[in-house]
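To start, the structure under review is shown below, and the notes come after it.
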Amino acid sequence: MDDFVDANLLEDLRARCRALHVAGALRPARIGRGAQERHAPEVRGDFIAWLSEPELDAEQRLLGRLEELRVALNRGLMAGLEDFQGHFALYPPGTGYARHFDRLAGTDIRAISAALYLNQGWTSDDGGALRIHTGGGGSQDVLPLGGRLVAFVSDRFEHEVLPSRRERLSFTGWYRRRPLEAFV
């Protein structure tokens, strides 16, 4: 969905991501979980800052838009989504994220993956597309145009971030549900 947020909010979120970077609040992203968690820049080159408590109006407004989408997804798909967990992300030029699923090993809590792109003036020459593998050897590349939201089922679509030629900004996360294993 293009223009998921208005131009003013997009600019405020872009500024927030950059301010977090300048302040040193974006940390190298890690892969795995628990004892297996580690920094692996050859797999994932982004720097992230989790949004646990919104500090700025722009963060509050973004979470409001994401909540509207959660309600719509639950109403239309009976998805059982409970909340959203997300982070700001910055990929330096030349970095990406290798092909992966967003489902964490041993849990199905992540239901829908979503990324809102914060980039300005992005073109295909900049690289950095999100490549979603659609099965049967097919894939779909999504350019990270500012204001574009892409969402997909977390455990059904492998995806990767292709290396970009310039800094790539986003707010990325997951709509979560209660673990289904809790009902077994």
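Below, all heavy atoms of this structure are taken into account, side chains as well, without hydrogens, waters or symmetry copies.
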TODO: Say whether, by atom type as modelled, one donor and one acceptor occur between the side chain of Arg148 and the main chain of Leu143 under 3.5 angstrom.
DONE: yes
- [ ] Check whether any side-chain N or O of Asn119 sits under 3.5 Å from a backbone N or O of Pro144 as a donor-acceptor pair, and report yes or no.
- [x] yes
Task: Derivation of the side chain to side chain contact (heavy atoms under 4.5 Å, CB included) call for Val150 and Ile132 - done: CA-CA 10 Å; Val150 60; Ile132 301 172; 4.1 Å; yes
Open item on the list: I need the Leu56 CG to Leu62 CG distance, nearest 0.5 Å.
Closed with: 11.5 Å
Task: Atom of Ala114, atom of Tyr175 and distance for their closest heavy-atom approach - done: CB-CE1, 4.3 Å
TODO: For the residue pair Phe152 and Phe157, categorise the inter-ring angle as parallel (less than 30°), tilted (30 to 60°) or perpendicular (more than 60°).
DONE: perpendicular
TODO: For the pair Val153 and Asp155, evaluate side chain to side chain contact (heavy atoms under 4.5 Å, CB included) and give the outcome as yes or no after the intermediate values.
DONE: CA-CA 6 Å; Val153 179; Asp155 66 352; 3.4 Å; yes
Open item on the list: Between Leu81 and Leu149, is there shared hydrophobic-cluster membership here, with clusters defined by ILVMFWY side-chain heavy atoms closer than 4.5 Å?
Closed with: yes
Task: Interatomic distance, Arg156 atom CZ to Ile112 atom CD1 [nearest 0.5 angstrom] - done: 8.5 Å
TODO: Enter the distance from Arg131:CZ to Ser139:OG here, rounded to the nearest 0.5 Å.
DONE: 5.0 Å
TODO: Would you confirm whether Ser113, through its side chain, and Ala151, through its main-chain N or O, come within 3.5 Å as a donor-acceptor pair?
DONE: no
TODO: Please answer: with hydrophobic residues joined when any side-chain heavy atoms are less than 4.5 Å apart, are Ile48 and Tyr97 in the same cluster?
DONE: no
Open item on the list: Quick one: does any side-chain atom of Glu59 pair with a main-chain N or O of Glu55 as donor and acceptor, under 3.5 Å?
Closed with: yes
Open item on the list: When you measure from the side chain of Asp141 to the backbone of Ala129, do you find a donor-acceptor pair of N or O atoms at a distance under 3.5 Å?
Closed with: no
- [ ] Cation-pi check, Arg65 to Phe4: give yes when NZ or CZ is under 6.0 Å from the six-membered ring centre and within 45° of the ring axis, no otherwise.
- [x] yes
TODO: Examine distances only and state if a side-chain atom of Trp50 and a backbone atom of Phe88 form a donor-acceptor pair shorter than 3.5 Å.
DONE: no
TODO: Verify, without hydrogens or angle tests, whether Arg30 (side chain) and Arg27 (backbone) share a donor-acceptor contact under 3.5 angstrom.
DONE: no
Task: For the student: nearest non-hydrogen atoms of Phe47 and Pro92, plus distance - done: CE1-CG, 3.7 Å
Task: Atom of Ile31, atom of Ala40 and distance for their closest heavy-atom approach - done: CD1-CB, 3.7 Å
Open item on the list: Taking the cut-offs as 6.0 angstrom to the six-membered ring centre and 45 degrees off its axis, would you call Arg168 and Tyr91 a cation-pi pair?
Closed with: yes
Task: Single-linkage hydrophobic cluster Ile109~Leu51, side-chain heavy atoms < 4.5 angstrom - done: no
Task: Cluster overlap Val161 with Phe101, hydrophobic side-chain contacts below 4.5 Å - done: no
Open item on the list: Just verifying a value: how many Å separate Leu13 CG and Ser170 OG, rounded to the nearest 0.5 Å?
Closed with: 11.0 Å
Open item on the list: Quick test of your reading of the model: are Asp57 and Arg61 salt-bridged, counting only N-O distances below 4.0 Å?
Closed with: yes
Task: Backbone N/O of Thr107 and side chain of Arg103: donor-acceptor pair under 3.5 Å - done: yes
Open item on the list: Would you say CD of Gln85 has more than 12 non-hydrogen atoms from neighbouring residues, nucleotides or ligands within 6.0 angstrom?
Closed with: yes
Open item on the list: With a 6.0 Å cut-off (strictly less than), is the heavy-atom count around CD of Gln36, excluding the residue itself, greater than 12?
Closed with: no
- [ ] For Asp46 and Thr95, run side chain to side chain contact (heavy atoms under 4.5 Å, CB included): C-alpha distance rounded to whole Å, both residues' side-chain angles, the deciding distance at 0.1 Å, then the answer.
- [x] CA-CA 7 Å; Asp46 58 330; Thr95 63; 5.8 Å; no
TODO: Go through the steps to decide whether Trp122 and Leu169 satisfy the test side chain to side chain contact (heavy atoms under 4.5 Å, CB included), and finish with yes or no.
DONE: CA-CA 11 Å; Trp122 201 271; Leu169 308 175; over 6 Å; no
Task: Heavy-atom pair with the smallest gap, counting every atom of Gly94 and Pro163 - done: O-CB, 3.9 Å
Task: Whether Ser164 side chain and Arg166 backbone form a donor-acceptor pair below 3.5 Å - done: yes
Task: Any donor-acceptor N/O pair, Asn74 side chain to Val71 backbone, under 3.5 Å - done: no
Task: Atom of Asp126, atom of Gly121 and distance for their closest heavy-atom approach - done: OD2-O, 3.9 Å
Open item on the list: Under a 4.0 Å threshold between the charged nitrogen and the carboxylate oxygen, would Arg177 count as salt-bridged to Asp83?
Closed with: no
Task: Neighbour count >12 (heavy atoms, 6.0 Å) for atom CD, Glu53 - done: no
- [ ] Kindly state whether the ring of His100 and the ring of His159 have centres lying under 6.0 angstrom apart.
- [x] yes
TODO: Establish whether Val142 and Trp174 are linked, either directly or via other cluster members, by ILVMFWY side-chain heavy-atom contacts under 4.5 Å.
DONE: no
Task: Derivation and outcome, side-chain hydrogen bond (donor to acceptor under 3.5 Å, both in side chains), residues Glu160 and His133 - done: CA-CA 8 Å; Glu160 60 189 300; His133 296 274; 2.7 Å; yes
Task: Salt-bridge present (Arg14, Asp12; N to O < 4.0 Å) - done: no
Task: Reference residue Glu82; test salt bridge (Lys or Arg N to Asp or Glu O under 4.0 Å); the match among Arg176, Arg178, Arg110 - done: Arg178
Open item on the list: Within this structure, what is the CG-CG distance for the pair Leu130 and Leu162, rounded to the nearest 0.5 Å?
Closed with: 8.0 Å
Open item on the list: Show the nearest heavy-atom pair for residues Ser124 and Arg165, with the distance to one decimal.
Closed with: O-NH1, 4.2 Å
Open item on the list: Rounded to the nearest 0.5 Å, what separates atom CZ in Arg70 from atom CG in Leu66?
Closed with: 11.0 Å
